[in-house]
Participant: 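Take a look at this one; I'll ask things after.
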Amino acid sequence: MAMFCSQAGARPRTWEASPPEHKKWVEVFKACDEDNKGYLSREDFKVAVVMLFGYKPSKIEADSVMSSVDPNTSGIRLKEFLDIVRKKKEAQLYRNEVRHIFTAFDRHYRGYLTLEDFKKAFKQVAPKLSERIILEVFR
């Protein structure tokens with residue numbers, strides 16, 4: 001638990017894909033780029049997200065992504081796609097880390113933390129932290 005708690009308040013670090021993962025993303029892009037247009041349309045992007053993350057993006061997510069691409073192109077080019085996927089993967093890893101930390105603190109598996117749970121957890125990972133600071137963090 002200590003290795004996770006030391007970074008609990010930290011923002012996610014920039015994460016880079018391993019070469020095999022990067023290769024997979026490129027392969028998914030190519031598989032979804034029907035007719036080898038050099039870009040992914042809105043529908044192509046949705047299929048790619050399903051292939052990589054296992055869910056269909058909402059209309060809001062698709063709109064957000066499509067509005068962020070270069071208006072002079074007809075869709076998402078490979079470089080943009082790789083950046084979008086990297087950011088999604090980074091966010092996914094960060095959420096998983098936060099969930100892992102929360103689960104370590106939630107010893108009674110209730111889905112929430114009481115002040116007592118919080119105090120006990122902080123006594124283990126930061127025993128010299130004052131109660132005032134622990135209360136502020138809890139609030």
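What you see below is based on every heavy atom in this structure, not just the backbone, and it leaves out hydrogens, waters and symmetry mates. Here the structure is a predicted model, which means the values were calculated and not measured.
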Participant: With a cut-off of 6.0 Å (strictly less than), are more than 12 heavy atoms of other residues, nucleotides or ligands near NZ of Lys37?
Facilitator: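 Yes.
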
Participant: Report yes or no: is the cationic atom of Arg42 (NZ for Lys, CZ for Arg) closer than 6.0 Å to the six-membered ring centre of Phe45, at no more than 45° off its axis?
Facilitator: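 No cation-pi geometry.
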
Participant: Let me see the working for Arg99 and Asn96 under side chain to side chain contact (heavy atoms under 4.5 Å, CB included), right down to the final yes or no.
Facilitator: CA-CA 5 Å; Arg99 183 175 287 115; Asn96 289 343; 3.5 Å; yes

Participant: Say whether, by atom type as modelled, one donor and one acceptor occur between the side chain of Ser64 and the main chain of Ile60 under 3.5 angstrom.
Facilitator: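 Side chain of Ser64 to backbone of Ile60, a donor-acceptor pair under 3.5 Å: no, none is there.
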
Participant: Do Leu78 and Ile76 belong together in a cluster built from hydrophobic side chains that touch within less than 4.5 Å?
Facilitator: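 Both belong to a single hydrophobic cluster.
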
Participant: Got His108 and Asp117 here, is their nearest side-chain heavy-atom distance under 4.5 Å?
Facilitator: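 With C-beta onward as the side chain, the pair touches.
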
Participant: Within a reach of under 6.0 Å around CZ of Arg110, are more than 12 heavy atoms found that belong to other residues, nucleotides or ligands?
Facilitator: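 Enclosed: over 12 neighbouring heavy atoms sit under 6.0 Å from CZ of Arg110.
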
Participant: Below 30° counts as parallel, above 60° as perpendicular, anything between as tilted: where do the rings of Phe29 and Phe81 land?
Facilitator: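 Rings of Phe29 and Phe81: tilted, 30 to 60°.
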
Participant: Could you tell me if the side chain of Leu82 sits less than 4.5 Å from the side chain of Arg86, heavy atoms only?
Facilitator: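 Sidechains of Leu82 and Arg86: no contact.
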
Participant: Minimum heavy-atom separation for Tyr39 and Asp33, please, with both atom names.
Facilitator: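 Taking every non-hydrogen atom into account, O-OD1, 3.1 Å.
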
Participant: Should Leu52 and Lys89 be marked as a side chain to side chain contact (heavy atoms under 4.5 Å, CB included) after you check the CA-CA gap, both sets of side-chain angles, and the distance that decides it?
Facilitator: CA-CA 10 Å; Leu52 291 171; Lys89 184 69 173 181; over 6 Å; no

Participant: Testing the basics here: between Met66 and Gly75, what is the closest heavy-atom pair and its distance to 0.1 Å?
Facilitator: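 Result for this residue pair: CE-CA, 4.2 Å.
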
Participant: Hey, could you give me the NZ/CG distance between Lys30 and Leu40, rounded to the nearest 0.5 Å?
Facilitator: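 Reported value, rounded in 0.5 Å steps: 12.5 Å.
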
Participant: Out of curiosity, Lys120 NZ to Thr114 OG1, how far, rounded to the nearest 0.5 Å?
Facilitator: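 One gets 7.5 Å once the value is rounded to the nearest 0.5 Å.
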
Participant: Answer yes or no: is there an ion pair linking Asp63 with Lys59, defined by an N-O contact shorter than 4.0 Å?
Facilitator: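 Salt bridge flag = yes for Lys59 with Asp63.
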
Participant: Does any non-hydrogen side-chain atom of Met51 lie less than 4.5 Å from one of Cys32?
Facilitator: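 Cys32 reaches Met51 side chain to side chain.
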
Participant: Does one hydrophobic cluster hold both Tyr55 and Ile84, with members joined at side-chain heavy-atom distances below 4.5 Å?
Facilitator: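 The answer is yes; both residues are in one hydrophobic cluster.
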
Participant: Can you name the residues that form a salt bridge (Lys or Arg N to Asp or Glu O under 4.0 Å) with Lys88, not counting sequence neighbours?
Facilitator: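 If we apply the salt bridge (Lys or Arg N to Asp or Glu O under 4.0 Å) test to Lys88, skipping adjacent residues, the hits are Glu61.
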
Participant: How long is the straight-line distance from CD of Gln92 back to CD of Glu97, given to the nearest 0.5 Å?
Facilitator: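 That separation rounds to 13.0 Å.
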
Participant: Would a hydrophobic clustering, with Ile, Leu, Val, Met, Phe, Trp and Tyr connected at side-chain separations under 4.5 Å, put Phe53 with Val65?
Facilitator: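 Same cluster: Phe53 reaches Val65 through Ile, Leu, Val, Met, Phe, Trp or Tyr contacts under 4.5 Å.
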
Participant: Tell me every residue that passes side-chain hydrogen bond (donor to acceptor under 3.5 Å, both in side chains) with Ser68, counting only those two or more places apart in sequence or in another chain.
Facilitator: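 For Ser68, no residue satisfies side-chain hydrogen bond (donor to acceptor under 3.5 Å, both in side chains) once neighbours in sequence are set aside.
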
Participant: Is it true that Arg77 and Glu80 make a salt bridge, defined as a side-chain N closer than 4.0 Å to a carboxylate O?
Facilitator: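 Salt bridge: no.
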
Participant: Working to the nearest 0.5 Å, report the span between CG of Asp35 and CG of Asp44.
Facilitator: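 Atom-to-atom, Asp35:CG and Asp44:CG are 9.0 Å apart.
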
Participant: Compile the donor-acceptor pairs under 3.5 Å between side chains in residues 125-138 and protein atoms, sequence neighbours left out, one pair per line.
Facilitator:
| from | atom 1 | to | atom 2 | distance (Å) |
| --- | --- | --- | --- | --- |
| Ser130 | OG | Ile133 | N | 3.3 |
| Glu131 | OE2 | Lys119 | NZ | 2.9 |
| Arg132 | NH1 | Glu136 | OE2 | 2.6 |

Participant: Rounded at 0.5 Å granularity, tell me how far CG in Asp83 sits from CH2 in Trp25.
Facilitator: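 Atom-to-atom, Asp83:CG and Trp25:CH2 are 9.5 Å apart.
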
